[in-house]
Amino acid sequence: MADFRILISGASIAGNAAAYWLRRYGCEVTVVERAPALRPGGQAVDFKGETHRKVLEQMGVLADIERRQTGKTDLNVVDEENRTQAVIPGEFIGGDVEILRGDLADILYQRTSRGCEFLFNDTITALRDTGAEVEVDFEQSSSRSFDLVIGADGLHSRTRRLAFGPEKDFVEHLGYYYAVAGANTGHGAADGRAVGYMYNTPGRLALLGGSKAPDMFVFASPELDLPRRDVAAQQALLRERYSGLGWKVPEMLDRLGIAGDFYFDSISRVRMDRYTNGRVALVGDSAYGNTLGGFGTGLAIVGGYVLAGELARAGWEHAAAFAEYDQVMHRYAGIARKGNAGPFMAPASPMKIKMRNWSFTNPLMFKLMMKMTDSFATKIDLRDYPAPQAE
Ligand SMILES: Cc1cc2nc3c(=O)[nH]c(=O)nc-3n(C[C@H](O)[C@H](O)[C@H](O)COP(=O)(O)OP(=O)(O)OC[C@H]3O[C@@H](n4cnc5c(N)ncnc54)[C@H](O)[C@@H]3O)c2cc1C
């Protein structure tokens, strides 16, 4: 067992997953999170196949996830008059088990909050890797040293910027933005399957989350110079981009201001050859993100497991462990370096909207698409890592 001091930046899915395993291996884990508390919100995320199941089972969270799952969400694609044009089955977007992102973060946090130190409302401002340790400055807390630093701070990772270089070297804007608005209003398979509604005009999607999930907007746009934490500016932009649209869009826009949770980001893809540099490693979206691609949460969970497992397997020789982690995850995360969910969610023309809808009414085409998503989720031979101590 290790007595490493490890700092993790970001307390969402990847950060909590890595924290869980590292603490169980005996590390002293500190998690710094910029938000004042664990961030709620987000649409449903999902897990699929044996790889995900194995990791979630070993973490002891599968039963909790199943208990709080949405029970799958079928998406009715509707026209302006609310007539159904196609149904995207929950099996396609919801994998084997689907759960609201906020619920998943909460389940993971319940496992880490007792054994790890959490510094909310704070962020790293500088990293100095001396070779023997990493000296870290924070915005609020006093400077401290750690044996390793792990960046789990998402698509716009500050850890990546400080340890690897500017965002533009690694993150490609894929021509779309998305927003998720509204609280998670329920969960539980007992309620049966959920239904959401999708309405498209060229380059725009409005998705009514239904009884359980928040609303979502996806729209085509070149990269904008928009302050990432200016919610008022982001909501004003949404109102402008969706003004004049019919269906239920006006009421969705009306409740933006009172929605509570609001999350806005670009659809972007991260491409890196290596996720580690010296004593710093990246996990989750910071390393292999591809917004709304449908596999980010699975990659984050598997990434945390592999990173901690490789450290344990290498007897805490971090250089050897990081080299293995780079290799294993680069192979597994190949899917994240391809693809763009934007054109699927908000096709650019009426013809492309029709073609997207058609692919869900054609059984052969649908079978093919399902096969593709299956193979992405299971493309890894997970090692069995040394057994950690009991929880
Ligand atoms: C509130 C929220 C809503 C989301 N909604 C959706 C959704 O609807 N659909 C979807 O597909 N994906 C959504 N995501 C992204 C999804 O969670 C990830 O794609 C995936 O689960 C991988 O997670 P991650 O932990 O690597 O990154 P993320 O989930 O993005 O988490 C990164 C964490 O790091 C924190 N952070 C960022 N910068 C700093 C910093 N400088 N210092 C300290 N902490 C920092 C963030 O506050 C966040 O908690 C959402 C993420 C968040 C945070």
Side-chain angles (χ1 to χ4, degrees), residues 7-20 30-47 52 70 73 93-95 98-106 108-109 118-127 136-141 149-162 167 178-184 196 207 209 213-218 228-229 231 260-270 275 282-304 307 329 333 336 341 345:
L7 175 69
I8 298 174
S9 173
S12 180
I13 310 304
N16 276 299
Y20 170 83
T30 300
V31 184
V32 58
E33 163 62 50
R34 184 167 42 205
L38 187 74
R39 293 181 69 177
Q43 276 280 354
V45 296
D46 67 279
F47 297 103
H52 293 169
T70 61
T73 308
I93 41 173
E98 181 189 74
I99 181 165
L100 292 170
R101 192 214 70 96
D103 286 347
L104 175 65
D106 180 53
L108 297 176
Y109 179 60
F118 277 79
L119 308 174
F120 284 107
N121 235 336
D122 207 350
T123 179
I124 296 172
T125 54
L127 293 175
V136 182
D137 297 340
F138 296 96
E139 206 167 79
Q140 307 291 337
S141 312
V149 171
I150 295 170
D153 37 11
L155 199 61
H156 308 287
S157 169
R158 178 173 289 199
T159 312
R160 186 184 57 224
R161 175 161 61 76
L162 293 172
E167 181 162 318
Y178 82 111
V180 181
N184 301 334
L207 191 157
D215 297 337
M216 185 159 90
F217 301 84
V218 178
R228 274 216 321 279
R229 279 183 290 284
V231 169
D261 300 330
F262 182 79
Y263 185 75
F264 183 96
D265 207 341
S266 59
I267 295 191
S268 298
R269 174 164 60 203
V270 181
Y275 315 122
L282 302 176
V283 66
D285 276 8
S286 61
Y288 23 75
N290 186 330
T291 321
L292 298 183
F295 30 74
T297 304
L299 283 177
I301 291 276
V302 173
L307 182 63
M329 287 311 293
M345 305 201 82

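When a ligand or atom number is given, it counts from 1 through the structure's own listing order.
Ranking the protein heavy atoms by distance from atom 31 (O) of ligand 1 puts Ser12 CB, 2.9 Å first. The protein heavy atom nearest to atom 17 (O) of ligand 1 is Arg101 CD, 3.1 Å. Scanning all protein heavy atoms for the shortest distance to atom 15 (C) of ligand 1 gives Asp285 OD2, 4.2 Å. The shortest contact between atom 11 (O) of ligand 1 and any protein heavy atom is with Leu292 CD2, 3.5 Å. Atom 38 (N) of ligand 1 has as its closest protein heavy atom Arg34 NH2, 3.1 Å. Closest protein heavy atom to atom 5 (N) of ligand 1: Gly42 CA, 3.3 Å.
Heavy atoms of Glu33 found under 4.0 angstrom from ligand 1 belong to the backbone as well as the side chain. Only backbone heavy atoms of Val32 (N, CA, C or O) come within less than 4.0 Å of ligand 1; its side chain stays farther off. Residue-level proximity to ligand 1 for Arg39 is carried by the side chain, the only part with a heavy atom below 4.0 angstrom. Only the backbone of Ala152 comes within contact range of ligand 1, with a heavy atom under 4.0 Å; no side-chain atom does. Proximity of Tyr178 to ligand 1, defined as any heavy-atom pair under 4.0 Å, is confined to the side chain (atoms from C-beta onward).
Residues Pro214 and Gly42 come closest through the heavy atom pair CG-O, 3.5 Å. Pairing each heavy atom of Arg39 with each of Arg101, the nearest pair is O-NH2, 2.6 Å. The shortest non-hydrogen separation linking Ala287 to Leu282 is CB-CB, 3.7 Å.
In this structure, the side chain of Asn16 engages the main chain of Ala11 through a donor-acceptor pair within 3.5 Å.
Here Arg229 contributes atom CZ and Arg34 contributes atom CZ; the two are 3.5 Å apart, rounded to the nearest 0.5 Å. One finds the OG1 atom of Thr297 at 11.0 Å from the CD atom of Glu98 (value rounded to the nearest 0.5 Å). Between the OH atom of Tyr275 and the CD1 atom of Ile150 there is a distance of 15.5 Å, given to the nearest 0.5 Å. Rounded to the nearest 0.5 angstrom, Asp137 CG and Ile124 CD1 are separated by 10.0 Å. Rounding to the nearest 0.5 Å gives a distance of 8.5 Å between CD of Glu167 and CZ of Arg161.
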Intermediate values then yes/no, side chain to side chain contact (heavy atoms under 4.5 Å, CB included), Gln43 and Thr73: CA-CA 11 Å; Gln43 276 280 354; Thr73 308; over 6 Å; no

Phe118/Glu33 under side chain to side chain contact (heavy atoms under 4.5 Å, CB included): CA gap, chis, key distance, verdict: CA-CA 8 Å; Phe118 277 79; Glu33 163 62 50; 5.6 Å; no

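Considering backbone and side-chain atoms alike, Ala14 places an N or O below 3.5 Å from some N or O of ligand 1. Ligand 1 has no nitrogen or oxygen under 3.5 angstrom from a nitrogen or oxygen of Ser286. Inclusion of Ile13 in the set of residues having an N or O under 3.5 Å from an N or O of ligand 1 is warranted.
Looking at Arg158, Arg161, Gln43, Glu139, it is Gln43 that brings a heavy atom closest to atom 7 (C) of ligand 1. If you check each of Thr297, Thr123, Leu282 against atom 42 (N) of ligand 1, the one with the closest non-hydrogen atom is Thr123. Counting heavy atoms only, Asp153 comes closest to atom 37 (C) of ligand 1 of the residues Asp46, Val31, Asp153.
A 4.5 Å side-chain heavy-atom check between Ile13 and Ile301 finds at least one atom pair inside the cut-off.
Annotation for ligand 1: atoms under 4.0 Å from non-hydrogen atoms of Gly284 are 26 (O). Here is the list of ligand 1 atoms found below 4.0 Å of a heavy atom in Gly154: 27 (O), 30 (O), 32 (C). The contact set between ligand 1 and Val180, taken as ligand atoms under 4.0 Å from a residue heavy atom, comprises 8 (O).
Taking 4.0 Å as the cut-off, Pro40 counts as a neighbour of ligand 1 on heavy-atom distance. Ligand 1 is approached by Ser9 to a heavy-atom distance shorter than 4.0 Å.
Under the 3.5 Å distance criterion, with hydrogens and angles disregarded, a donor-acceptor pair is assigned to the side chains of His156 and Asp265.
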